[in-house]
Enquirer: 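First, the structure itself, so that you have it in front of you.
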Amino acid sequence: MPQYRACCRIGSAIAISFADVIPQARLPRKAGRLPCQAPGFGISRCGSPQKHETMMRLTRYFLPVLKENPAEAQIVSHRYMLRAGMIKQQAAGIYSWLPMGYRVLRRIEQIVHEEQQRAGHVPLLMPTLQPADLWRESGRYDDYGQEMLRIRDRHERDMLYGPTNEEMITDIFRAHVESYKALPLTLYHIQWKFRDEIRPRFGVMRGREFLMKDGYNFDIDKEAALHAYNRHMVSYLRTYERMGLTAIPMRAASGPIGGDNTHEFLVLAATGESEVFYDDRVTALKLGQREINYDDRAEVAGVCAEFTRLYARTDETHDVAAFEAVPEAHRKAGRGIEVGQIFYFGTKYSEPMGATVVTPDGARVPVHMGSHGIGVSRLLGAIIEASHDDKGIIWPEGVTPFPVGIVNLKQGDAATDAACEGLYAGLRARGLEPLYDDRDERAGAKFATMDLIGLPWRITVGPRGLAAGKVELTSRRTGESEEMSPEAAVARIAQIYEGR
RNA sequence: CGGGGCGUAGCGCAGUCUGGUAGCGCGACGGUUUUGGGUACCGUAGGUCGUGAGUUCGAAUCUCGCCGCCCCGACCA
């Protein structure tokens, strides 16, 4: 993908080597209709070794960890993101993404791109600032209220920082699509949005500026549009699963976007903002490795039926009578974090904005649309809420900023230094990029840092084990350790990440 | 936007009531020590006390205004 290479000059060592933590995607082509290419963002996804590669060593990295809890953070994900040096607040609900947070953000973004393109959806990029006139066409300029950040440029033109993109994508569509032959079409982008929340809180979970994937389908009729809706549901299930999350689709209320068909995806967590009621057997449903043909309407609808058959609703649509029908042993109430939502809204935007196509028999009809969002930046918080302990974050392998950490217990000792560098090189040769803690710190301090930042695996290298030719491989999640040769450790890590 | 709270060193806080020119812990830096779970000791650096005005011989401290942030509520991916 040479076209993405050019972007790499933004980054020095960090941006370039970040590329390689993301293994080449292995996407089955049968379902997708386009080659799967994710936009670059300065990330080369090519597998070939880079020149001038820099080892990710902690003494040369930027990881401002905090030993104590910042006073402003109330919930665990916010506390850990601050303590693990992932984010820094710049204003209420607005954050800088420090290197560690940025890596995870990009990793999540990457998974979203891959799964969208696997489903046949086409990436593009729309601006953050939009002209108000587009929103006057749909009538939402007045409807949206104070949540929309309105800006005036030097020529006194009304602009806004987009909270969503239905109007703009409809404008793009109507400018370029005239025929039913161009359908079905789903365009999506991952872009920063702004909603001027009255009270931002919980760190990136409820920021004012947030990164969101939003996709829009254009179809000839309602049936085709509902297939797009189902396709999104399945692709979202797969997306969340790859991130190590159990996100349950729940029937939702439509809100300001409009439409009858809508589901929200919720991750169960005590700190969630939504009250949820569900049959707990939904949490056992998994997509797993099954192959899905996204063009097969019946197959996709079948998967949706499987995942929505059991009762699962938010308080907005809660139906007490239906809930009572769930066997008592499986009846659960709790809280959830909303990490995505899909809508079918028909011709709500295409009609007033004149987004029409000509049918085979020469008629001109408005297209049927839906929109589909994933809260990308919010997912960082949701994942941490769902995966942590009292020592810190526990990253699922799918989204971890580094696959493994190497801890050198005796920095400066020729044998341990050499063993660590050997491990590093061995892992790099397998396409994995470890984080090497080469600081001159006590073992306890190094372990505490590793636990806090939550890499799923740790290789500990000390003189004691090395005397017997062994290093120690430890799982962050279980805490279990196993002694083995460095070569075996490399092989084990490579095996764990194979296919990711 | 209504209600409450807080702004003092990078982080967590004391000092404010009762005005006298700023302190503790962690962190950082330099040593000694230690070396498989945030070691111990010695030393060093670091502060427009959010901001503006006022009262006073003198303001972190009292008065008024402004700004920012946090919490509860209503609102939201």
Side-chain angles (χ1 to χ4, degrees), chain A residues 64-75 78-79 82-83 85 88-94 144-148 162-165 190-215 236 247 252-257 262-267 272-274 314 316 336-343 371-382 391-392 407-413 416 437 439-452 458-467 470-472 474 479 481 483:
Chain A
V65 298
L66 268 30
K67 200 165 173 178
E68 289 171 278
N69 281 322
E72 80 244 32
Q74 303 299 311
I75 62 170
H78 191 192
R79 281 204 299 270
L82 291 167
R83 285 192 51 203
K88 179 187 185 305
Q89 179 165 311
Q90 304 292 169
I94 298 177
Y144 224 93
Q146 292 286 297
E147 223 180 51
M148 182 151 72
T164 177
N165 286 65
I190 298 178
Q191 177 63 291
W192 293 95
K193 308 284 192 296
F194 196 93
R195 291 183 193 170
D196 199 359
E197 300 284 343
I198 295 166
R199 186 154 91 84
R201 60 185 124 174
F202 303 149
V204 300
M205 295 263 283
R206 180 85 180 276
R208 289 194 293 173
E209 188 184 48
F210 57 98
L211 189 62
M212 177 176 170
K213 171 264 163 183
D214 45 325
Y236 279 23
S254 67
I257 299 196
T262 176
H263 279 84
E264 291 177 336
F265 291 78
L266 288 110
V267 173
E273 76 277 56
S274 306
T314 65
E316 292 175 311
I337 300 166
E338 193 188 329
V339 292
Q341 186 160 12
I342 55 177
F343 299 91
S371 70
H372 316 278
I374 292 180
V376 172
S377 49
R378 151 177 283 214
L379 271 167
L380 285 264
K391 293 180 192 154
V407 171
N408 186 342
L409 289 183
K410 194 168 186 182
Q411 200 66 41
D413 176 89
T416 57
D437 188 349
R439 296 173 303 163
D440 186 16
E441 290 284 351
R442 303 255 318 181
K446 292 191 173 199
F447 291 149
T449 298
M450 278 294 168
D451 288 344
L452 175 63
R458 183 184 83 205
I459 302 177
T460 309
V461 182
R464 206 158 77 196
L466 222 47
K470 306 277 188 175
V471 297
E472 188 184 70
T474 305
S481 291
E483 295 216 323

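Letters go in sequence order (proteins before strands), and every chain restarts at 1.
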Enquirer: Please list, for nucleotides 44-52 of chain B, all pairs of protein and nucleotide N/O atoms separated by less than 3.5 Å.
Expert:
none

Enquirer: Have a look at N408(A) and tell me which of D413(A), T416(A), D440(A) forms a side-chain hydrogen bond (donor to acceptor under 3.5 Å, both in side chains) with it.
Expert: T416(A)

Enquirer: P atom, rG73(B) versus rG46(B): distance in rounded Å?
Expert: 45 Å

Enquirer: Nearest to the side chain of Q89(A), heavy atoms from C-beta on, is which of rG37(B), rC69(B), rC75(B)?
Expert: rC69(B)

Enquirer: Is the closest basic N to carboxylate O distance between E273(A) and R206(A) below 4.0 Å?
Expert: no

Enquirer: What's the gap between rG19(B) and rC62(B) when it is taken at their P atoms, as a whole Å value?
Expert: 9 Å

Enquirer: Regarding G145(A), tell me which of base, sugar-phosphate or nothing describes its non-hydrogen contacts under 4.0 Å with the strands shown.
Expert: nothing

Enquirer: Kindly list each side-chain donor-acceptor pair under 3.5 angstrom involving residues 65-74 of chain A, sequence neighbours excluded, with atom names and distances?
Expert:
none

Enquirer: Considering every strand and a 4.0 Å limit on heavy-atom distances, what is the contact class for A448(A): base, sugar-phosphate, or nothing?
Expert: base

Enquirer: Which listed nucleotide (rC13(B), rC1(B), rG37(B)) is nearest to the side chain of I198(A)?
Expert: rC1(B)

Enquirer: Counting Watson-Crick and G-U wobble pairs only, both distances under 3.5 Å, name the nucleotide matched with rC75(B), or none.
Expert: none

Enquirer: Please give the nucleotide sitting opposite rU34(B) as a Watson-Crick or G-U wobble pair, both distances under 3.5 Å, or none.
Expert: none

Enquirer: Confirm from the modelled atom types if R458(A) and rG37(B) form a donor-acceptor pair under 3.5 Å, side chain to base only.
Expert: yes

Enquirer: Distance check, P atoms only: rG10(B) and rC17(B), in whole angstrom units.
Expert: 25 Å

Enquirer: Base of rC76(B), side chain of R206(A) - is there a donor-acceptor contact under 3.5 Å?
Expert: yes

Enquirer: Provide a list of protein-nucleic acid N or O atom pairs under 3.5 angstrom, restricted to nucleotides 24-27 of chain B.
Expert:
unit_1: rG25(B); atom_1: N2; unit_2: E68(A); atom_2: OE1; d: 2.7
unit_1: rG27(B); atom_1: OP1; unit_2: K67(A); atom_2: NZ; d: 3.3

Enquirer: Touch check for E147(A), heavy atoms < 4.0 angstrom, all strands: base, sugar-phosphate only, or nothing?
Expert: sugar-phosphate

Enquirer: Indicate, with a heavy-atom threshold strictly under 4.0 Å, whether G462(A) touches base, sugar-phosphate, or nothing.
Expert: base

Enquirer: Could you tell me whether L409(A) contacts a base, only the sugar-phosphate backbone, or nothing, with contacts defined as non-hydrogen atoms closer than 4.0 Å?
Expert: base

Enquirer: What integer number of Å spans the P atoms of rU63(B) and rG7(B)?
Expert: 15 Å

Enquirer: Taking the C1' atom in each of rC66(B) and rC29(B), what is the distance between them to the nearest angstrom?
Expert: 38 Å

Enquirer: Take atom C1' in rG47(B) and the same atom in rC1(B), then report the distance between them in whole Å.
Expert: 36 Å

Enquirer: May I ask you to establish whether R378(A) and F210(A) are in a cation-pi arrangement, using a distance under 6.0 Å from NZ or CZ to the six-membered ring centre and at most 45° from the ring axis?
Expert: no

Enquirer: What is the base-pairing partner of rG7(B), counting Watson-Crick and G-U wobble geometry with both distances under 3.5 Å?
Expert: rC67(B)

Enquirer: Rounded to whole angstrom, note down the C1' distance from rG37(B) over to rA28(B).
Expert: 22 Å

